[in-house]
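Input: a single structure, listed below in structure tokens.
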Protein chains: 2
Amino acid sequence: MKQKITIRDVAKLAGVSSATVSYVVNGINKVSEETKEKVFEAIKQLDYQPDFTAISLSKRKSNMLGVMMPFVDNSLAPMFRENYYYTEMIGGMESIARKNKYDLLISGVRDPQDCKSWVTKRNLDGLIFLGLFPEALYEELKSLDIPIVLIDNYEEFGKSYHNIRIDDELGGYLAGKHLIERGHRAISFIGHDLANFPVDWNRSNGLKKAVTEAKLSTDAITFFEGKGSSFEIGYEMGTKLLELGDKSTAIFASSDILAMGIIKALQERGKEIPHDYSIVGFDDLAINMISRPGLTTIRQDVFNKGVVSAQTIIDAIEQKISDPVHVTLSIELVERESTRRLE
Amino acid sequence: MKQKITIRDVAKLAGVSSATVSYVVNGINKVSEETKEKVFEAIKQLDYQPDFTAISLSKRKSNMLGVMMPFVDNSLAPMFRENYYYTEMIGGMESIARKNKYDLLISGVRDPQDCKSWVTKRNLDGLIFLGLFPEALYEELKSLDIPIVLIDNYEEFGKSYHNIRIDDELGGYLAGKHLIERGHRAISFIGHDLANFPVDWNRSNGLKKAVTEAKLSTDAITFFEGKGSSFEIGYEMGTKLLELGDKSTAIFASSDILAMGIIKALQERGKEIPHDYSIVGFDDLAINMISRPGLTTIRQDVFNKGVVSAQTIIDAIEQKISDPVHVTLSIELVERESTRRLE
DNA sequence: TTGAAAGCGCTAACAG
DNA sequence: CTGTTAGCGCTTTCAA
């Protein structure tokens with residue numbers, strides 16, 4: 001194996017000290033043009049690559065970002081396999097990270113200790129949290145003094161961190177309004193554990209708001225809660241809805257993937273979408289293109305959410321911002337074929 | 001910010017030298033039980049976390065694995081957004097990596113230089129390649145002397161690296177046999193640039209084999225080649241197939257996502273699956289659950305492919321293997337509702 | 001069985 | 001403007 005080219009090799013070849021090389025490499029402006037010239041020449045000749053590990057050690061900065069994902073069944077596998085929401089967002093983060101010469105480290109976390117030690121061991125410069133974690137985790141991390149970005153967080157304690165989200169209530173409202181305007185008077189809401197998941201709770205709340213605004217009784221809504229937000233759960237809920245003989249004409253699902261599961265269940269039982277049920281989803285992920293009929297949904301730009309999150313944390317790391325940043329990204333209803341006007 | 005706890009703090013508290021602490025931490029067996037005891041006690045008391053960066057610098061080993069993904073349109077975004085094949089596989093890698101205390105770094109590469117410098121800068125211990133890259137890249141990397149795992153590679157030069165793949169030709173053969181046994185005598189193959197993508201070429205070749213074996217003329221197959229393997233391309237190809245007035249009764253698509261695009265195109269033009277066309281896909285990704293009718297496909301365990309790849313590279317890093325390992329994982333045909341027997 | 005000390009490659013006072 | 005030098009936190013000879 002070839003010997004690694006170090007800053008000293010460059011220094012020697014350029015006939016200067018390693019400090020000078022370091023200055024040049026880091027663009028510290030106190031080196032004469034002439035010397036710079038020589039150094040650059042030597043760098044090119046040797047194909048010198050500064051070692052991030054060493055930089056990291058001496059600067060206490062790794063240029064690495066940690067991305068925390070929730071475990072499902074003690075593993076991240078289901079996340080990667082089925083949570084297209086997260087992978088799409090990670091795509092956005094990656095693009096910004098690379099542009100700024102950061103690398104992304106992705107991990108699931110068991111307990112706060114684990115997480116903290118991961119950050120310490122790897123010298124991570126910042127942390128992005130996808131999903132909900134126990135408050136103790138954030139508490140534990142406070143002492144680390146690195147920027148933290150929370151996505152879709154509504155917790156009180158979350159306010160002291162950077163926050164990137166959308167207006168979930170507005171999303172629910174738009175969905176509700178869309179259905180009500182099309183004559184639906186009995187709507188089923190299908191979401192994930194409303195008591196514990198503020199995102200779904202807010203979406204359902206938006207629906208309620210639309211119903212109230214239209215001067216309908218809130219009985220117009222039937223609530224179904226699953227224990228998760230997967231295709232299978234959607235399928236389960238759809239089946240349940242039929243079994244219960246629910247009389248609603250429209251369904252608002254708190255995520256696209258849930259909606260797809262519901263649609264499958266309904267279609268398998270001979271129901272036609274949108275003839276028998278109008279359905280609205282949420283997110284507008286890339287998988288939507290697969291769905292037939294095309295899914296009417298509340299579109300959020302998930303990729304961009306990743307972009308903004310990564311940019312926020314990098315800005316924070318590089319001291320361009322200090323106070324917690326709270327960003328609310330825009331959403332819109334996209335009408336496709338899964339909803340219809342009730343005659 | 002709290003001062004970082006170093007090995008010296010532990011040493012001091014335990015009343016030993018830092019070298020001794022290092023021995024204990026690394027399980028180097030030349031420390032008396034008694035001293036070990038004291039050291040462990042001190043570690044616990046201080047909640048000492050060895051710093052990977054420092055370890056990395058002094059051992060020249062980072063415990064980080066690089067995963068290279070191909071760029072699409074100069075970005076990884078489409079990969080994360082739509083290539084469920086890769087994300088599913090990354091899930092598998094992550095699980096093994098974490099178990100072995102490795103972290104995964106994911107990157108796209110522009111040119112060989114870039115890649116090499118990434119490895120050098122980050123001190124990566126190993127590299128996994130998803131997809132096809134120019135040969136020059138691998139050449140460039142040779143001098144780095146780190147283990148490299150290639151996924152789905154059929155190139156001649158790939159033989160000197162570790163290789164994880166399936167028998168793609170067998171897959172094509174199984175698909176073809178399935179269709180032929182069900183009475184289909186005119187089959188369209190839809191794949192990605194056969195001249196340059198051996199995976200698709202092998203799959204099509206398997207189909208040919210089945211056709212030949214059944215003593216049919218190879219005219220029985222019509223080939224369609226798209227420039228990619230996405231839903232959109234599938235849609236495009238499906239449309240084209242109809243426009244050409246192709247008389248085939250069955251379609252073998254070289255990936256599920258392609259198949260879904262094809263199905264969408266056909267269904268939109270009023271064709272019924274499997275009544276008008278029987279369709280077989282390839283991979284059996286999680287998105288398949290969305291498809292209606294359920295897609296008959298060649299199932300490979302993509303998650304497991306990630307697992308095996310990661311395990312292989314870790315074994316190589318830790319010197320448990322030396323010669324290039326070539327693994328061929330098993331596949332099977334999964335029959336669902338998208339294929340039918342021709343009467 | 002333990003410790004002193006010289007690195008690993010780079011940065012950043014400080015001195016000149 | 002440039003160089004000297006002391007770290008960053010850990011490993012690993014080598015000697016005791």
Side-chain angles (χ1 to χ4, degrees), chain A residues 1-40 42-43 46-64 101 117 119-125, chain B residues 1-40 42-43 46-64 101 117 119-125:
Chain A
M1 172 158 157
K2 273 195 314 210
Q3 197 44 54
K4 177 152 195 159
I5 311 257
T6 77
I7 199 170
R8 268 181 278 271
D9 299 322
V10 177
K12 197 182 299 169
L13 182 60
V16 297
S17 79
S18 63
T20 303
V21 177
S22 174
Y23 296 143
V24 173
V25 170
N26 291 290
I28 293 171
N29 215 9
K30 46 177 185 175
V31 182
S32 72
E33 280 307 323
E34 202 184 354
T35 324
K36 248 187 218 167
E37 217 43 59
K38 280 191 296 182
V39 172
F40 279 133
I43 288 178
L46 296 171
D47 187 26
Y48 165 67
Q49 307 286 351
D51 184 325
F52 273 43
T53 310
I55 296 176
S56 178
L57 186 59
S58 92
K59 281 214 227 182
R60 321 261 66 219
K61 175 166 186 304
S62 60
N63 270 57
M64 296 197 296
K101 306 210 174 304
S117 72
V119 175
T120 317
K121 282 179 186 164
R122 288 284 185 205
N123 263 303
L124 302 181
D125 296 337
Chain B
M1 171 156 153
K2 272 192 317 207
Q3 197 43 55
K4 176 151 194 159
I5 310 254
T6 77
I7 200 169
R8 268 181 279 273
D9 299 322
V10 177
K12 199 182 297 170
L13 181 61
V16 298
S17 77
S18 62
T20 303
V21 177
S22 173
Y23 296 145
V24 173
V25 169
N26 291 289
I28 293 171
N29 215 9
K30 47 177 184 174
V31 182
S32 72
E33 280 307 322
E34 204 183 352
T35 324
K36 248 187 219 166
E37 215 47 56
K38 281 191 295 182
V39 172
F40 279 132
I43 288 177
L46 297 172
D47 186 27
Y48 165 66
Q49 307 286 353
D51 183 323
F52 273 44
T53 310
I55 296 176
S56 178
L57 186 59
S58 93
K59 280 214 224 181
R60 322 262 62 220
K61 174 168 188 302
S62 61
N63 271 56
M64 297 197 295
K101 307 210 174 304
S117 72
V119 174
T120 317
K121 281 180 186 162
R122 286 286 185 205
N123 262 304
L124 302 181
D125 296 338

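Below, read A as the first sequence line, B as the second, and so on, with proteins coming before strands; counting in each chain starts at 1. Heavy atoms only: backbone and side chains are in, while hydrogens, waters and symmetry mates are out. A quick note: this is a predicted structure, and the numbers were derived from the prediction, not measured.
- Summarising the geometry, the separation between CG on B:N123 and C1' on C:dG9 is reported as 10 Å, rounded to the nearest angstrom.
- A donor-acceptor pair under 3.5 Å is formed between the side chain of B:K4 and the backbone N or O of A:T120.
- Phosphate contact (OP1/OP2 of C:dG3, side-chain N/O of B:T20, threshold under 4.0 Å): present.
- If you find the closest nucleotide of DNA chain C to A:S18 and to B:A19, the one lying nearer the 5' end belongs to B:A19.
- Residue-level contact check: A:T53 touches neither bases nor backbone, having no heavy atom under 4.0 Å from any strand.
- Of the two residues contacting DNA chain D, namely A:L57 and B:S58, the nearest-nucleotide position lying further toward the 5' end is that of A:L57.
- For B:A54, the listed nucleotide lying nearest its side chain is D:dG9; candidates were D:dG9, C:dG9, C:dT2.
- Residue B:K30 contributes atom NZ, which lies 11 Å from atom P of C:dT2 at whole-angstrom precision.
- Across all strands, B:R60 comes closer than 4.0 Å only to sugar-phosphate atoms, never to a base (heavy-atom distances).
- Using a 4.0 Å cut-off, some side-chain N or O of A:T35 falls inside it from OP1 or OP2 of D:dT2.
- If you check every strand for non-hydrogen atoms under 4.0 Å, B:V16 touches sugar and phosphate atoms only.
- In this structure, CG of A:N63 is placed 21 Å from P of D:dC8, rounded to the nearest angstrom.
- Atom CZ in B:F52 sits about 21 Å away from atom P in D:dC8, given to the nearest Å.
- Side-chain atoms of B:D51 come within 3.5 Å of backbone N or O of B:T53 as a donor-acceptor pair.
- Taking atom CG on A:D9 and atom P on C:dC8, their separation rounds to 11 Å, with Å as the unit.
- Open room surrounds NZ on B:K12; 12 or fewer heavy atoms of other groups in view lie less than 6.0 Å from it.
- Across D:dG3, C:dG9, D:dT11, the shortest atom-to-atom separation from the side chain of A:K4 is found for C:dG9.
- Counting non-hydrogen atoms under 4.0 angstrom, A:S32 reaches the backbone sugars and phosphates but no base.
- Distance, B:Y23 OH to C:dT1 P: 13 Å, rounded to whole Å.
- Following rounding to the nearest Å, B:K61 (NZ) and D:dC10 (P) show an atom-to-atom distance of 16 Å.
- Under the 3.5 Å distance criterion, the side-chain polar atoms of A:D125 are matched with a main-chain donor or acceptor of A:S62.
- When the nucleotides D:dC10, C:dC10, C:dA12 are ranked by their closest atom to the side chain of A:K59, C:dA12 comes out on top.
- Listed pair B:S17 / C:dG3 meets the phosphate criterion, a side-chain N or O lying under 4.0 Å from OP1 or OP2.
- One can place NZ of B:K36 at 14 Å from C1' of C:dT2, the figure rounded to the nearest angstrom.
- Atom CZ of B:F52 is separated from atom OG of A:S117 by 8.5 Å, given to the nearest 0.5 angstrom.
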